[in-house]
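The model shown is predicted, which means the values in this text are computed figures rather than measured ones. Below, each value reflects all heavy atoms present in this structure, side chains not excepted, and no hydrogens, waters or symmetry copies. First the proteins, then the strands, lettered A, B, ... as listed; each starts at 1.
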Amino acid sequence: MATTESWQIAEIAGPKKATLIVKPEVADAMIKRAKHPVLIVGHLAAEIDLDDKKMIDYLLELAQKGNLPVIATGHTNRDFLKRGFTKAKIMPAVEIGQRLTDPEWKGIDGKEPYDLAIFAGLPYYMEWTILSGLKHFAPNLKTMTLDNTYQPHASWSFPNISVKDWIENLKSIIEKVEE
Amino acid sequence: MATTESWQIAEIAGPKKATLIVKPEVADAMIKRAKHPVLIVGHLAAEIDLDDKKMIDYLLELAQKGNLPVIATGHTNRDFLKRGFTKAKIMPAVEIGQRLTDPEWKGIDGKEPYDLAIFAGLPYYMEWTILSGLKHFAPNLKTMTLDNTYQPHASWSFPNISVKDWIENLKSIIEKVEE
Amino acid sequence: MEILSRKSINIKIKELKSDIGNIKDLELSIGKFSEEKWTEAEGPTPFPSITALREWDKKLLDRYKPFYLPFCDLCCLCTYGKCDLTGNKRGACGIHMSAQQSRTVLLASCIGAATHISHARELVTYAIKKFGTDYPLDPGGLAVEVEAPIIRLVCGVKPEKLGDLETVLDYLENQLTQLLSVTHTGQEGNNLDFESKVFHAGMIDQVGMEVADIAQISVFGFPKADPDAPLVDLGMSVVDTKKPVILVIGHNVPPAIQIIDYLKDKRLSEEVEVTGICCTAIDATRYSSKVKIIGPMSWQLRYIRSGIPDVIVVDEQCIRTDNLIEAEKIRAPFIATSEKNCLGLPDRTRDSADDIVADLVSRKNLGVLILDPEKVGEVAVKTARAVAPKRKKSRTSLSTEEIIEQAKTCNQCKMCRRSCPNDLHIPDSMKAAGKGNIGMIGDMYEECIGCARCEQACPETIPIHNIIVSAATQRTKNESFRIRAGRGAIQDIEIRKVGGPIVLGEIPGIVAFVGCSNYPKGGKEVAEMCIEFARRRYIVCTSGCAAMSAAMYKNEDGKTPYELFPGTFDAGGIVNVGSCVANSHIAGAAVKIASIFARRTLRGNYEEIADYVYNRVGAVGVAWGAMSQKAAAIASGFWRLGIPVVVGPHGTKYRRMLLGRADREQDWYVHDRRSGEKVYVGPVPEHLFFAAETKEEAMVMIAKLCMRPNDTSKGRAIKLTHYIDLHRRLFGTTPDDAHLFVRTLTDIPITMKEDLTKILREKGWKETIIPDPTLLVNQVEKRGVR
Amino acid sequence: MEILSRKSINIKIKELKSDIGNIKDLELSIGKFSEEKWTEAEGPTPFPSITALREWDKKLLDRYKPFYLPFCDLCCLCTYGKCDLTGNKRGACGIHMSAQQSRTVLLASCIGAATHISHARELVTYAIKKFGTDYPLDPGGLAVEVEAPIIRLVCGVKPEKLGDLETVLDYLENQLTQLLSVTHTGQEGNNLDFESKVFHAGMIDQVGMEVADIAQISVFGFPKADPDAPLVDLGMSVVDTKKPVILVIGHNVPPAIQIIDYLKDKRLSEEVEVTGICCTAIDATRYSSKVKIIGPMSWQLRYIRSGIPDVIVVDEQCIRTDNLIEAEKIRAPFIATSEKNCLGLPDRTRDSADDIVADLVSRKNLGVLILDPEKVGEVAVKTARAVAPKRKKSRTSLSTEEIIEQAKTCNQCKMCRRSCPNDLHIPDSMKAAGKGNIGMIGDMYEECIGCARCEQACPETIPIHNIIVSAATQRTKNESFRIRAGRGAIQDIEIRKVGGPIVLGEIPGIVAFVGCSNYPKGGKEVAEMCIEFARRRYIVCTSGCAAMSAAMYKNEDGKTPYELFPGTFDAGGIVNVGSCVANSHIAGAAVKIASIFARRTLRGNYEEIADYVYNRVGAVGVAWGAMSQKAAAIASGFWRLGIPVVVGPHGTKYRRMLLGRADREQDWYVHDRRSGEKVYVGPVPEHLFFAAETKEEAMVMIAKLCMRPNDTSKGRAIKLTHYIDLHRRLFGTTPDDAHLFVRTLTDIPITMKEDLTKILREKGWKETIIPDPTLLVNQVEKRGVR
Ligand code: SF4
Ligand code: SF4
Ligand code: SF4
Ligand code: SF4
Ligand code: SF4
Ligand code: SF4
Ligand code: SF4
Ligand code: SF4
């Protein structure tokens, strides 16, 4: 089902739509190319089962191996803490969304504007609207989602893929991000 | 450019979009399968150059070889008459559109409801809106467009194709419709 | 609407405190007046509620079934959505596609009606502030006794003073609020009830327009139903660019009037050019024929980019929202004047004119908001005079060389064409231009509606619209036309004269060209249609953008339509009533035919009058470039009166048509008023809302839609002649439905006898009678009853 | 608004003719009254125009910049479109995306405001018809002297009689018309000016709601600011299904009241069950505690499909538009009662009740429209009694076997889930059900908002929603709760008591749960939040759907929140004010704190009062399931008063957030009223409109948003305690922004001293002063000036 169809079928986007991550390499390349990326993790990451683990476990591994700063939205931080990860910055999704539209904002580390924001684990429609905001009002930012649903407003997104494919892709991305 | 992108870029449709006519055979099969098809020709057919002929010449040939009843919208009839074709029924596009939504309507020949309406040569946006009306309110009708632009609301449409490909496709359709 | 009709009876204001002073013991006594002076009996529906005319609407909607053309598969009106409504799916609120589309139409019509009503309120408030509530309404001098046919008809009151209009406005605002609330999630669920409410929105819109125009005619002394209103200049080339030039854009004329008055007061009228775009321009020429009209709303970018205007003053409605940016490009100071369109500008209303001028001239403020027309007048003039000498008239137009150079950078991606509302052949023209041939792109000037979407889409940032305009320099140099200033209402005496011929069908119809400039193939088509029908001795009316487009044509002798045809409301006239709001006089004329000519009771008697107009007055509205929500409301107002509306192909985007089915005999019966019998009268008029694909299709349809059941045989023969003649000429054949319009053999035009008789025979035609037609059972004069 | 404020001074009606009789020499003398009895000086903005408060709005918008979240890349508002607005492209009218989004917000807010205002007009008209214009307004008996704080504040008038409200409504309808017109193509072009107009729409919406509720409280004798309003039944299982059951749905209570009265008159109250959904239910229980509330709007399908109701009566707003279809399925006669929602039904208003009943009982008419509440009362009761015995209570629910069988036909296409607003796991649950385990799908009942989009999408036409409800039978059987009937306004004495503690911060905040039931994870989250904040001794208010959801929880002892907490407007109370329109009392309470407690001038003094509320009253609105346009308008009304609003994640679809930037120090300065100095006060409140992803995020944010610059150290310490405590509990850590809320060391909660002092050190915290805060320069008491 490698189409650019929104997961929630009525959440149709306009002419500019996300490029498909057809292979995990695409995602890796983008992450590696980014000078200042950030990973934004929503609360569903801790609810979604991916075989014996949760989605958040994969994201955490990715963050650690890829050395990505992490923002925990909703109450996700609790689940990071459970996993012993204390470095997540807590910030609501709409707040980080808004800050990313400010070309002056130097990020939570105060270093420089982010050039890649990777979203995962937010409610589909909320991620959709926030990515829309970024598509329109953060022209210098690239966005990516690692959910298994197509997010048309991102710069890159998986199509709607099965959990099996998703796990494989995530594993592969994590593997390669270290290299 | 075999995508399902609307020709006028903002005329985005929703979840249900036209199947692409990827090969002329597709169109032929549909025309042949139809028990009671009708060809609706708009005024642009007489304006659009396809090499040394006009689009209307191809459509006329198709109608004659495929034995398709023809409805001339706008002032297209004038151009049919110029070509000696007097059998076109004159009916405005919105009128034929409305009648096609009536499951009781037996067509201009009074025989039986049409099951396939083939559109060509209407202004893109007007064909778009009429096909939308039919998609939503004529559930038993299939629609096709032979323009070289993607019409998302049709049942079948070419993608946005070049004039060259278009001519080839039309020729091939005309050829095969006779068989 | 009890409250409001109650209020209309007698309102006394003991004390009135306002900015401009105190008034004591003022009496607003509409009702009393009415009681005393207006002897007409009150009809059944004064100040009708939103469902009061539902039965009438259903009669029309039963004949003219909505054909929905969803412009989007989704609904995004609330945050349950978006909802996918394809395949007859219901949204999360239970709504289905037909109701959703009609809800959208209602929303658009409400926006349109709100715009006219709030404009009317603004004018009336302004007028009262300047002239007092007791200032008499006088839209037509001695020639007009029925001063406000629509208000009388709908509200059942007879306004005599400015203050009387406030009661009417209260009613309109109340109804509008109710109608808008109907669009809320989980209110109305039935598409036909939505449509009925659309008609209601159209009706109150029409009242609002009438309020606005009779108020402004009365207080500003616009032409009062004057067929000989002066001819005024129109076009890009009529401006004397050596003088300081002020540009006014929009619809609310007081700021423009204050500019004119200030110039007059200071004896500067000859020193400064006042130019205008859109309805403010039209209305300013009704005030002073010195004002020059540039063109309809699609001229905004062209004219600003020409660099000619030194100061730009905008008020409200149909104003490009990027004019401020465009003004900055040509370094023209910018003045916004409306609460409804503040554009983020600093509010300088309370500052002294000279301070504001200084800040504009120094470009400390690129633009200002001034909510006081007087002050606008002073500031605009002073600023224009100050900046004109200094300001390089920095036009953004390009030389042929520059055009070619720019065109060479085109990568043929086609995004421009794919963004163009009219699918214009920009890439091909650009290719030709790149090769040195700028003719083709220059030709596009005629068809381009000046929206600049092409420019926005071009990845090479080629200034496409500029190129089009620049390549057409010769054309813009010739843009010098004459338009008759808006005359306002139609005289009672004109009505008396044409009433009979119209109702009997001997004047073949009234064709009203109204609305915006979203033309499929350029504005010249409007001019051509006007001329065609005027030549055929229809009564042609124009208003708004269409009135301006109609002027932009010249015959071999260099004469424009307004010079070729008289301004009288009579066969062969081209009657410019004025701005958008003036188009209420066209509906008003139809209503006056029922009232003055046929002596039907007007007062609060909507249904009967609409039934009269529908069955007897062969009027058709044409909004060839209809685009706005106001146009949607205007059309709706016509529909409820039973007047069909034809729009251009873009009109299919209005979400639905209202089409009759000529093939369903059962749809076309009326009651005979005398006998009470049901009589088949044929599909007249066949459609209520129709989008034509081409000008030709529109013209044939207009002729057809002018037929009415009441036509005498002589009248029907005339109308049929035009229909058949146009059909033959434009489509190449005799229409195959002509027999549907022949009731008796005497209906057949003599010249077409042979042809038609043959068709009649083929079609198995049967003679029918010509009834005294009505859709209303209560109109039947049963034996002994009346 | 000169005209209207003028009118408000003295309106005399010499003669009044209406359906119900004639009145002579009626005097409506609002103004006179005000002059004579209301000694309060008039503030600067009585009846403010649409730009009168623009400067205030800009102050807020400067801090809380809109973050636009386009819900569509396109604009389809006019037929120039659709226009693609991505990549900062401008539409054919020149508009860009930010303005387009804010225009859409304005449109939604106008629809919302129109709905409340037209509802208010309907109530007032009805009340006047029954009780006369002179009927005194009395929303609170002796306990309430400031009877209409919002009307006084906005309009500068003091309504005393029903008739006085008409002048207010005239003003509202006028403003609404102007605001709606602003959305027309080519009007306003600046996003911030659009936003300012959104605030204006919210403000007039609030006035409209107050008009509606004080009118209905006064004439129907609803609880008058009564903290001890009775507890009434709520839930699907509280209905005595052995009796005939009437269901009322909607917002406009008169038809329901007429049903109740008819039953009382005929001594049938014990014979017939009156049940209700949505605000009509709430308001009906304010009239009679015998009425049973089924639940919020999301209960419509469930309850109708249960087959319990014998007759369904709908009025207006938030009514599923397919209820007529659903009613037919269970063979329940259907009565529509509103001009705004006619559903295509035959208008039987003028027919005799018995005739209508006969046609409904015989099912000649499946539904009727009756625009007369009295007649509705009679028809509904008679019909219910006639059909109940005959009608099989034909429920559409399924047995476990049937569920399993249906579930087996599922092809796992996932279209249901992809259509579900909440992305619920239907396919997995269906798979489990197919295997015999219906627990999972039964669990979905808690999260399902009852929209049936899943059913619409299912290619196998599996009755998914039915399955969910049927699988949860045990749950619906337990649906028996108690809710405190809507108490209406807040007493002056309550205000006096809590004013100090609130303004000083010692009561940590007022948290108002309002709005619809578009909950991300079910309604229980509302109940949980209410309890949490009531336990923490915030003042918790509820209204509308949220008030009902808040009741649907029981503790171990079987007690519902309304039984656990008192109804007093005091720390630890849970105060159900009533239906949607009653939520005006919550804003009213904030305003009354400024007026009664702080003795600020109320009359026409909006800016100062809003500044007061913003800087001193720690109130937060929470619309966890906000969905409707009314909710949009309600939120806007809070914003202009400076009250932050938190919504659920679906709230991001409202097109934009209004978010502060805690990291920009320069944004958080206020004037000290005494010294005039600019003082940094930290980001309080940090946001004005905020969508939370989860309940937990919402709760932490609510606690944070209750802080205000004016908090004393004691108050701040209390508020900080709650914020930090909730943050620790729900997020697992001490918040890293806590230092921003510490002004002096005494602000630090003692129990958190160690932790916080460390953080302060790390963050380089510096002590600041606690000013007498204001955003308004004119509020500064300069030496010698005052
Ligand atoms: S209705 Fe218009 S705004 Fe809404 S989704 Fe469709 S195109 Fe977009
Ligand atoms: S109004 Fe109805 S159809 Fe539209 S988005 Fe809301 S729930 Fe869906
Ligand atoms: S400016 Fe003219 S050419 Fe360009 S998109 Fe608009 S209509 Fe087409
Ligand atoms: S968009 Fe620009 S580059 Fe592309 S074809 Fe048009 S003019 Fe050429
Ligand atoms: S309102 Fe403006 S942006 Fe929207 S469709 Fe019309 S022209 Fe395009
Ligand atoms: S009815 Fe319930 S499960 Fe079905 S789509 Fe709506 S919320 Fe989802
Ligand atoms: S839509 Fe129907 S068939 Fe498809 S997964 Fe859902 S329940 Fe099964
Ligand atoms: S709270 Fe929302 S859904 Fe509930 S009744 Fe009010 S507007 Fe409707």
Determine the minimum heavy-atom distance between D/Lys197 and C/Lys340, stating which atoms define it. NZ-C, 3.6 Å

Side chain to side chain contact (heavy atoms under 4.5 Å, CB included) between D/Ile111 and C/Leu107, worked out: CA-CA 9 Å; D/Ile111 294 174; C/Leu107 197 50; 3.8 Å; yes

From the list C/His650, C/Gln629, C/Glu316, C/Lys653, the residue making the most non-hydrogen contacts under 4.5 Å with chain D is C/Gln629

Write down the atom of D/Arg54, the atom of C/Cys342, and the distance for their closest heavy-atom approach. NH2-CB, 3.6 Å

At a 4.5 Å cut-off on heavy atoms, which part of C/Ile325 comes close to chain D: side chain, backbone, both, or neither? side chain

Looking only at C/Thr86, C/Val182, C/Val314, C/Thr51, most heavy-atom pairs under 4.5 Å shared with chain D are made by C/Thr51

Roughly how far apart are C/Tyr80 OH and D/Cys516 SG, rounded to 0.5 Å? 7.0 Å

For C/Tyr126, the ring-ring contact (aromatic ring centres under 6.0 Å, His included) test, sequence neighbours excluded, returns none

Ignoring hydrogens, what is the shortest heavy-atom contact between D/Asn88 and C/Gln456? Give both atom names and the distance. O-OE1, 4.0 Å

So, the part of C/Asp322 with a heavy atom under 4.5 Å from chain D: the answer is both

Below 4.5 Å from any heavy atom of chain C, which atoms of D/Leu369 appear? Answer side chain, backbone, both or neither. side chain

C/Leu179, part contacting chain D, at a heavy-atom distance under 4.5 Å: neither

In terms of heavy-atom pairs under 4.5 Å with chain D, the winner among C/Lys82, C/His119, C/Lys630 is C/Lys82

Taking every non-hydrogen pair under 4.5 Å, which of D/Gln187, D/His184, D/Arg655 racks up the most with chain C? D/His184

Looking only at heavy atoms and a cut-off of under 4.5 Å, which of C/Gly189, C/Cys78, C/Ala92, C/Cys451 has the most pairs with chain D? C/Ala92

In this structure, CG of D/Asp170 is separated from CG of C/Asn174 (nearest 0.5 Å) by 8.0 Å

Would you check if there is a donor-acceptor pair between the side chains of D/Thr177 and C/Glu173 at a distance under 3.5 Å? no

Heavy-atom distance under 4.5 Å to chain D: side chain of C/Leu371, backbone, both or neither? side chain

Partner chain C: residue of D/Gly87, D/Cys76, D/Cys72 with the largest heavy-atom pair count (under 4.5 Å): D/Cys76

What option among D/Ser419, D/Gly81, D/Ala113 has the most heavy-atom pairs under 4.5 Å with chain C? D/Gly81

Heavy-atom check, side chain of D/Glu188 versus side chain of C/Thr321, under 4.5 Å: no

So for C/Asp347, is it side chain, backbone, both, or neither that comes closer than 4.5 Å to the heavy atoms of chain D? both

Between D/Leu192, D/Leu345, D/Leu169, D/Asn191, which shows the greatest number of heavy-atom pairs under 4.5 Å with chain C? D/Leu345

Indicate whether the side chain of C/Ser181 and that of D/Ser118 have a donor and an acceptor atom separated by less than 3.5 Å. yes

Can you tell me which portion of C/Cys83 sits under 4.5 Å from chain D's heavy atoms? Options are side chain, backbone, both or neither. both

Ranking D/Lys89, D/Gln300, D/Arg453, D/Lys58 by heavy-atom pairs under 4.5 Å to chain C gives rank one to D/Arg453

Which bit of D/Asp193 comes within less than 4.5 Å of chain C, counting heavy atoms only: side chain, backbone, both or neither? side chain

So, taking the atom named CZ in D/Arg418 and the one named CG in C/Asp84, what distance separates them when rounded to the nearest 0.5 Å? 10.5 Å

Sorted by chain and residue number, the side chain to side chain donor-acceptor pair (under 3.5 Å) partners of D/Thr104 (sequence neighbours excluded) come out as none

Ranking C/Ala99, C/Ala336, C/Cys93 by heavy-atom pairs under 4.5 Å to chain D gives rank one to C/Cys93

Region of D/Ala631 that comes under 4.5 Å of a non-hydrogen atom in chain C: neither

Note, D/Leu180 side chain near C/Cys110 side chain (heavy atom, < 4.5 Å): yes

Write down the atom of C/Thr79, the atom of D/Asn518, and the distance for their closest heavy-atom approach. O-ND2, 3.1 Å

